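Count residues from 1 along the sequence. In this text the structure is predicted, and so the values were computed from the model without any measurement. The analysis underlying the following values was restricted to heavy atoms, covering all of them including side chains, and did not include hydrogens, waters or symmetry mates.
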Amino acid sequence: MARVVVDVMPKTEILDPQGQAIAGALGRLGISGVSDVRQGKRFELEVDDTVDDAELEKIAESLLANTVIEDWTVTRVSVEPAA
């Protein structure tokens, strides 16, 4: 078994109203030094060894991300064996 993380973020040219709202809230809370916030999504998948990188890319592109307005990355994360 392996853990796979798929991060999905709005493309840089796409307006991110949720990120802007967070940035505004930080200012109202008195937190300075944050000039921009982009909000995305994170998916964690537990997969077995039969799921290859091509299949993971297919999952990300066809199901998890709207490729018109979002970019995505797939990262395999090592899973510690149970003791």
Any chance you could measure [X], atom [atom1], to [Y], atom [atom2], to the nearest 0.5 Å?
| X | Y | atom1 | atom2 | result |
| --- | --- | --- | --- | --- |
| Arg42 | Met9 | CZ | CE | 12.5 Å |
| Asp71 | Asp7 | CG | CG | 11.5 Å |
| Ile31 | Arg28 | CD1 | CZ | 11.5 Å |
| Asp52 | Lys58 | CG | NZ | 10.5 Å |
| Lys41 | Leu64 | NZ | CG | 8.0 Å |

Taking all atoms of both residues into account, what is the closest heavy-atom pair of [X] and [Y], and its distance?
| X | Y | result |
| --- | --- | --- |
| Lys11 | Glu70 | CE-O, 3.6 Å |
| Ile22 | Gln39 | CD1-OE1, 3.7 Å |
| Gly40 | Pro10 | CA-CD, 4.4 Å |
| Arg76 | Val51 | NH2-O, 2.8 Å |
| Phe43 | Val8 | CE1-CG2, 3.9 Å |
| Ile69 | Ile14 | O-CG1, 3.7 Å |

Open item on the list: Assess the residue pair Leu45 and Ile59 against the criterion (side-chain contact (heavy atoms from CB on, under 4.5 Å)); give the C-alpha distance rounded to whole Å, side-chain angles, the decisive distance to 0.1 Å, and a yes or no.
Closed with: CA-CA 10 Å; Leu45 293 77; Ile59 291 167; 4.3 Å; yes

Open item on the list: With clusters defined by side-chain heavy atoms of hydrophobic residues (ILVMFWY) lying less than 4.5 Å apart, directly or transitively, does Leu15 cluster with Val37?
Closed with: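 Different clusters: Val37 never reaches Leu15 through Ile, Leu, Val, Met, Phe, Trp or Tyr contacts under 4.5 Å.
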
Task: Leu63 reachable from Val47 in the ILVMFWY side-chain graph, under 4.5 Å edges - done: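 Same hydrophobic cluster.
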
TODO: Count the heavy atoms of every other residue, nucleotide or ligand shown that sit under 6.0 Å from CD of Glu61, and state whether that count exceeds 12.
DONE: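 More than 12 within 6.0 Å, yes.
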
Open item on the list: Is it true that, when you exclude Asp48 itself, more than 12 heavy atoms of the residues, nucleotides or ligands shown sit nearer than 6.0 Å to its CG?
Closed with: yes

Open item on the list: Is there a side-chain contact between Asp53 and Val74 in this structure, where contact means two heavy atoms from C-beta onward sitting under 4.5 Å apart?
Closed with: no

TODO: Answer whether the closest heavy-atom distance between the side chains of Val4 and Thr75 falls below 4.5 Å.
DONE: no

Task: salt_bridge(Glu44, Arg3) N-O dist < 4.0 Å - done: yes

- [ ] Would you sort out whether Trp72 and Glu57 count as a side-chain contact (heavy atoms from CB on, under 4.5 Å), showing the intermediate values?
- [x] CA-CA 9 Å; Trp72 53 269; Glu57 290 179 10; 3.7 Å; yes

